[in-house]
Number of protein chains: 2
Amino acid sequence: MATLGDVAARAGVSISSVSRVLSNHPAARISEATRRRIVEAAEELRYRPNFAGRALKSARTQVIGLVLPDLTNALSTDLMHGAEDEAREHGYTMLLGRSDALSPVSEVIARLIGEGRVDGMVLQLADGVPAAGIGDLLDTAAPVVLLNETHPGHVGSVALDDVTGARIATQHLIELGHERIAMVNGLPSSFTAQRRRTGYRTAMKAAGLRVPRGYETRLGYFAPDGRAALRRLMTLSPAPTAVVVANVNAAVGLLAEARQARIAVPRRLSVICVHDSWTAENTWPPLTAVQMQFYAMGRAAVRNVLDRIENGVLRDDVILDPPPQLIVRNSTARPPRATR
Amino acid sequence: MATLGDVAARAGVSISSVSRVLSNHPAARISEATRRRIVEAAEELRYRPNFAGRALKSARTQVIGLVLPDLTNALSTDLMHGAEDEAREHGYTMLLGRSDALSPVSEVIARLIGEGRVDGMVLQLADGVPAAGIGDLLDTAAPVVLLNETHPGHVGSVALDDVTGARIATQHLIELGHERIAMVNGLPSSFTAQRRRTGYRTAMKAAGLRVPRGYETRLGYFAPDGRAALRRLMTLSPAPTAVVVANVNAAVGLLAEARQARIAVPRRLSVICVHDSWTAENTWPPLTAVQMQFYAMGRAAVRNVLDRIENGVLRDDVILDPPPQLIVRNSTARPPRATR
DNA sequence: ATGAAAGCGCTAACAA
DNA sequence: TTGTTAGCGCTTTCAT
């Protein structure tokens with residue numbers, strides 16, 4: 001690979017002139033002729049600035065890490081796209097990482113920030129990883145912004161408006177005339193699950209509806225969790241006529257379980273979920289969902305990190321605009337006669 | 001962040017001794033006492049080797065890039081896990097990248113390899129990106145291994161045994177007694193689609209079955225493509241009694257479309273797909289599928305790159321072991337009476 | 001307007 | 001066994 005020295009030799013100028021021209025130094029006073037010779041030489045040699053050299057000198061990598069617990073979630077895609085778009089517009093590159101049992105958060109942070117691989121990072125903890133344990137990990141050389149999570153004493157987070165999302169979902173069922181509305185939620189330790197629970201309870205309370213014992217399950221966000229939740233709910237008496245599922249993947253599982261148990265959706269049970277993705281369009285019946293703004297969250301998260309890096313601004317963000325949006329498909333309907 | 005110099009000062013030794021100890025230099029003859037003092041000092045200062053410094057000196061990053069067109073495919077997860085496991089075992093870090101319209105392959109390669117960010121990379125092209133255009137991009141400073149793709153004159157690729165996978169799927173339908181078997185495939189330009197087509201045709205020919213005009217659609221691997229394919233197939237006369245779908249996402253869409261068009265699966269139409277994922281368990285009916293070995297492919301891809309980097313070995317791999325595996329669920333059955 | 005030179009953190013060849 | 005030193009590619013201050 002060609003270095004600055006190679007380009008300088010070819011253009012017949014000094015290394016520093018080449019550096020000034022190729023890195024668009026603003027205060028560089030370079031004659032047009034020299035500039036042209038340099039640019040030409042660089043192109044001929046297909047010069048590319050060496051990442052390590054630049055990073056070593058400037059103590060900056062122009063890289064932002066995005067660390068997620070599970071990358072194969074249709075929702076992560078939107079998030080990543082938003083983050084990448086925002087990063088690219090500011091001249092940064094995204095480095096996608098994964099955190100799991102084998103590479104715990106502390107290890108990933110040490111590797112990315114401790115070794116100087118990134119200038120900052122966006123971190124989403126896996127459900128069940130207590131934010132409590134990561135306290136001092138957040139006070140590092142580079143800013144860490146938490147996604148859908150807060151940590152006492154740590155400023156720098158971005159979250160969706162989960163409360164509103166769950167409230168919209170619950171209200172939709174209430175408006176259809178349901179009164180026995182259950183909630184299938186994520187683990188109790190999950191930050192988003194707690195907020196979605198608040199949205200659900202707020203809407204129920206505002207409508208003067210009770211939440212009977214057992215109407216809230218908190219088993220997790222995956223398809224098998226949704227299946228298990230439905231089995232549990234249908235043993236209750238009276239059984240719910242509608243259910244708010246806090247996550248689209250769990251809803252897909254719940255719907256499949258309903259088929260198997262011969263519970264007609266939406267005739268006997270209405271199902272709505274928080275989160276939308278292509279899978280929701282391809283269930284049967286197609287899932288009514290509340291679309292959450294993952295793309296916007298991705299952009300906001302990177303903006304939050306960059307504002308910290310470049311302007312020293314500390315901030316907690318909640319994505320209010322655009323707001324969560326109800327997408328009505330076919331898994332919700334009025335409740336069965338008997339209960340009205 | 002602490003540097004080698006800091007550690008050296010604290011331990012009262014020279015920088016090079018510290019370097020030797022902390023990077024486990026094999027031929028280093030260091031007294032136990034010194035070694036202990038150094039290790040202690042490093043721990044107290046929470047020393048981490050600076051990535052840029054090390055990379056600049058050694059011209060190695062110990063990073064492998066994994067660049068995929070779309071990371072939110074349940075199948076990519078397995079692939080990534082395999083790649084990461086293999087990389088970690090060899091002391092390498094994975095850098096996940098994405099290639100799409102905004103950051104075309106050439107741009108991504110230039111950035112990762114041209115700027116020296118990775119020591120090698122695994123690249124999967126998006127369907128529809130002609131491999132032809134990437135010729136000289138592959139002759140770079142670092143090895144590029146293609147996933148599910150080959151390029152004339154380029155050695156270094158890893159592929160699944162698509163032919164066998166599609167053959168197994170087709171044979172399953174044949175064994176059930178089907179004779180009018182259609183195939184819903186990916187785009188004609190797709191490498192995997194071509195190979196799966198071969199598997200399908202081989203099985204059909206071996207069984208002495210014809211492939212009537214129109215029985216092969218090649219619209220793509222996404223859910224809407226599967227829907228469109230089904231609509232097209234059902235206008236044919238005679239219509240197929242079974243269909244091999246080349247991808248699980250397309251199969252999910254096809255199944256939803258079948259519901260909507262009131263085509264009973266598997267009573268009137270059997271559906272089997274190549275690829276398995278959690279979504280296949282949660283359709284209705286649950287999808288019979290041929291599981292492909294994505295995890296193994298991920299491991300093999302990284303091994304291929306590392307063998308190239310560390311031993312100079314050039315190789316094209318096809319994952320034969322473990323072989324594709326039939327997972328029978330409920331979307332396949334014997335054909336309807338009339339056709340037997 | 002251009003060049004010389006120092007130094008970022010690290011490794012390794014060489015010296016002691 | 002341990003230390004000194006050069007240099008990887010780059011940016012930037014200081015000279016000219």
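This structure is a prediction, so every number in the text was calculated from the model and none was measured. Chain letters run A, B, ... following the sequence lines, proteins first and then strands; every chain starts at 1.
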For [N], does either OP1 or OP2 sit under 4.0 Å from a side-chain N or O belonging to [X]?
X: A:Ser16; N: C:dG3; value: no
X: B:Ser14; N: D:dG3; value: yes
X: A:Ser19; N: D:dT12; value: no
X: A:Ser31; N: C:dT2; value: yes

Quick check: do [X] and [Y] have side-chain heavy atoms less than 4.5 Å from each other?
X: A:Thr192; Y: A:Leu160; answer: no
X: A:Val302; Y: A:Tyr92; answer: no
X: B:Arg299; Y: B:Glu89; answer: yes
X: A:Ile309; Y: A:Ile64; answer: yes

Query raised in the report: Contact class for A:Ser58 (heavy atom, under 4.0 Å): base, sugar-phosphate, or nothing?
Result: nothing

May I have the distance from [X] (atom [atom1]) to [N] (atom [atom2]), rounded to whole angstrom?
X: A:Leu56; N: C:dA6; atom1: CG; atom2: C1'; result: 13 Å
X: B:Asn50; N: C:dT11; atom1: CG; atom2: P; result: 10 Å
X: A:Ile15; N: D:dA15; atom1: CD1; atom2: P; result: 20 Å
X: A:Asp6; N: D:dC8; atom1: CG; atom2: C1'; result: 13 Å
X: A:Arg48; N: D:dG9; atom1: CZ; atom2: P; result: 17 Å
X: B:Leu22; N: C:dA12; atom1: CG; atom2: P; result: 14 Å
X: A:Asn24; N: D:dT12; atom1: CG; atom2: P; result: 13 Å

Picking from [options], which would you name as closest to the side chain of [X]?
X: B:Thr3; options: D:dG9, D:dT11, C:dC10; answer: C:dC10
X: A:Leu4; options: D:dG7, D:dT12, D:dT11; answer: D:dT11
X: B:Pro49; options: C:dC10, D:dC10, C:dT2; answer: C:dC10
X: B:Lys57; options: C:dC10, D:dT12, D:dT11; answer: C:dC10
X: B:Ile30; options: D:dT2, D:dA6, D:dG9; answer: D:dT2
X: B:Arg54; options: D:dC10, D:dT12, C:dT11; answer: C:dT11

Query - Under 3.5 Å donor-acceptor pair, B:Arg20 side-chain atoms to D:dG3 base atoms - result: yes

Query raised in the report: Is A:Asp6 reaching over with its side chain to a backbone N or O of A:Thr3, donor-acceptor style, under 3.5 angstrom?
Result: yes

